[in-house]
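Encoded as structure tokens, the structure appears first; notes follow it.
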Amino acid sequence: MKVRIVSAALALALGISAGSVSLPVMANGEITAQVNNLNEHISTYEEEVRWLINKYSGVVNQYQQGDKDVRTQALVDHWEEVNFHEAIETQYVPVYALIWQGIYGVKNAIDKDAGTDVVMAEQQKLHASLWQALGAVKLAAHYQQKGLLDKVRTTEKEPTTAPEVIDDIDKRLNKVVAKYAEQLTEVAMSLVHDTYLQRFEGIEGALIEQDAELVEDLEKDFNVTLPQALKNKGSVDDVRAVIKDMQRKLARAKSLLEEAEKNRKDVF
Amino acid sequence: MQRRAFLQSLAGVGLLAALPLSIHRSMAQTVQAMSVEQLPPLKGDLTLYLGRGEGGLYENVLNAITKRNPGLNLQIRRGASAALANTLVAEAQAGVKRADLFWAVDTGSIGMVTDAGLAKPLPKDLIGQLTPGFQYPQWVPVTGRVRTLPFNTQKLQANQIPDDIMALADSDLSIGWAPAYASFQSFVTAMRILEGEKATTNWLRGVSRHAKSYAGELGVVMGVERGEVDVGLANHYYTLRLKAGKPNADVDLAFTKNDAGCLVNASGIISLSDTDLTTNFMRYLLSHEVQSYLASEAYEIPLVDGVAAPSALPALADLSPPEIDLRKLADMRPTLKLMREVGVL
């Protein structure tokens, strides 16, 4: 119990996924045992990040030198090749989303023949997100070694209480940003739809007894605001802003439901 | 207090007085709900497949049962009811049996499992605890929910709403519905069984001309309350819960008579193992305490004698649901086909 609380507090401070992480479907197929043994692979991850930055710099340099045949799809292909990919996807989805955002930032700038200053600015953001991701994975490895992070599961674990459901919704919304940043808009849309029907719908009855307006807001977010933000093909930052706003409301919902549960009568 | 106010508001618009006493179910065949104090302790290993339900309230019931019975080793597998029903059937086909009990939130999933011949027959005294009309030899309805017509009280009075669901298609009312929602699809299935495919097709076409779609039925009720539509199609508890959180909400409930519009559907449990332990576990779910808890906390309708319905809802005996074998609602495929043909899905 104590360990669990410490784990949650650390995770909160570091932004690393605490609790049972369930990722049945990954961008690059099934997850491997590596993600539950991060420490042994840290040096590999470091090498991979340096290799990626080298490769990405190569693509940008090629563009700067006026090579019109620069193959920008390589930016995506290189990222999908590395094992570091699944390490960050399982530990810290918000930075995972930033990496995809950065990759497509560079790719789109080159594809649209933007100025080199624009391309280099996007490259800087991408490199920063890769280093940030490496830092997050190192911290996760550290706390994993101390037994403070739960195992990443290959099968989905059903949340059993309303606060657990809200935590799960929160994680799913982070994945929506990641999938959108990965330019998998349909996957992101399905994730929103499933999260509403399979998760939010189960708690909104209890929540509406506590704060009807909050439910109205979240209903609109799930069914109008967020789907429209995805459908309108706005920037990843726009989608992230909608989701941040939803997550703030969900945090309030969680505290209301926790309080309501304390006051609920006993069955027997 | 809030619920009493809602009841008074229902009475105020003449709804309670207008409700027909068309259910003349004989209560002589039922026995009063038992207290858990009268039930034997549960000892041994049980595996329950639990359909995703009421935001943790079923979990509270299960936790209370295991706390009261320290000799019970209850393993729970959770998931969507339909997915678990498919799993049970697949496991049986593979010659594997992992579950002793299956508690589903909808009767469609129950029907899938009973149709596969996996449910064990239940003792008559257990069946006899249930309200007549809800007594089945192979499954136990745990609690019910009734289809309702929530209406905006700023726009309408109860007597302006048809008490025949089929008449809604020809009315001038704007209607909120959630065609993708499982409860709505069960309701259309009931209509298809009761009225036939042609009448149901015409009804869907008629209503769709003045309907607004919502993702879920709480959304329908909230749309009604905001005045986006005059009337909605939804299970009863959404309105009750909205009224609990917002007592002055501009919404009340109306009911149709003897048709799919006031279908009483149920969650239910099946025994997959022929043991006293599974039967006695089901007795706990039908106990006075559990039924009262689900009525007061989840606003569900108790299906045993001697336990009051949620206070803002007319008693089950005062409603007039259609006579239908709820397991038939599992036959969803023709319904979905029909809804797609009409273009509402």
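What you see is a predicted model, and the numbers here were worked out from it, not measured in a lab. Below, chains carry the letters A, B, ... as their sequence lines are ordered, and counting in each starts from 1.
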Practice problem: Return the option, out of Arg68(B), Arg77(B), Glu217(B), with the maximum number of heavy-atom pairs under 4.5 Å with chain A. | Solution: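 The residue among Arg68(B), Arg77(B), Glu217(B) with the greatest pair count is Arg68(B).
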Self-check item: Options Val290(B), Ile76(B), Leu242(B), ranked by heavy-atom pairs under 4.5 Å with chain A, top entry
Solution: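 Sorted descending by pairs with chain A, the first entry is Leu242(B).
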Self-check item: Minimum side-chain heavy-atom gap Met222(B)-Ile208(A) below 4.5 Å
Solution: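 With C-beta onward as the side chain, the pair touches.
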Calculate, to the nearest 0.5 Å, the distance between atoms [atom1] and [atom2] belonging to [X] and [Y] respectively.
X: Thr161(A); Y: Glu59(B); atom1: OG1; atom2: CD; value: 8.5 Å
X: Asp266(A); Y: Asn63(B); atom1: CG; atom2: CG; value: 11.5 Å
X: Glu158(A); Y: Leu50(B); atom1: CD; atom2: CG; value: 9.0 Å

What are the two closest heavy atoms between [X] and [Y], and how far apart are they?
X: Asn60(B); Y: Arg264(A); result: ND2-CD, 3.7 Å
X: Leu197(A); Y: Ala215(B); result: CD2-O, 4.4 Å
X: Leu218(B); Y: Gly205(A); result: CD2-N, 4.4 Å

In terms of heavy-atom proximity below 4.5 Å to chain B, should [X] be classed as side chain, backbone, both, or neither?
X: Glu219(A); result: side chain
X: Tyr196(A); result: side chain
X: Asp211(A); result: neither
X: Glu201(A); result: side chain

Quiz item: Measuring heavy-atom distances to chain A, does Arg226(B) have an atom under 4.5 Å in its side chain, in its backbone, in both, or in neither?
Solution: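 When you check distances to chain A, only side chain atoms of Arg226(B) fall under 4.5 Å.
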Quiz item: Given a strict heavy-atom distance threshold of 4.5 Å, which part of Tyr214(B) is in contact with chain A: side chain, backbone, both, or neither?
Solution: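 The answer is neither part of Tyr214(B).
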Quiz item: Could you go step by step and tell me if Ile65(B) and Phe268(A) meet the side chain to side chain contact (heavy atoms under 4.5 Å, CB included) rule?
Solution: CA-CA 8 Å; Ile65(B) 291 174; Phe268(A) 299 135; 3.9 Å; yes
Quiz prompt | Largest heavy-atom contact set with chain B, pairs under 4.5 Å, which of Glu164(A), Lys265(A), Gln210(A) | solution =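 Highest number of heavy-atom pairs under 4.5 Å: Lys265(A).
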Practice problem: Might you confirm whether atom CD of Glu186(A) has over 12 heavy atoms from other residues, nucleotides or ligands at distances under 6.0 Å? | Solution: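 No, not enclosed.
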Quiz item: Above 12 or not: heavy atoms from other molecules or residues under 6.0 Å from NE2 of His41(A)?
Solution: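 Atom NE2 in His41(A) is crowded, with more than 12 foreign heavy atoms closer than 6.0 Å.
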Quiz item: Taking 4.0 angstrom as the limit, do Glu213(A) and Lys246(B) come out as a salt bridge?
Solution: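 No.
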Quiz prompt | Side-chain donor/acceptor of Arg241(B) to backbone N/O of Glu209(A), under 3.5 Å | solution =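 No, the answer is negative, given that no donor and acceptor are paired below the 3.5 Å cut-off.
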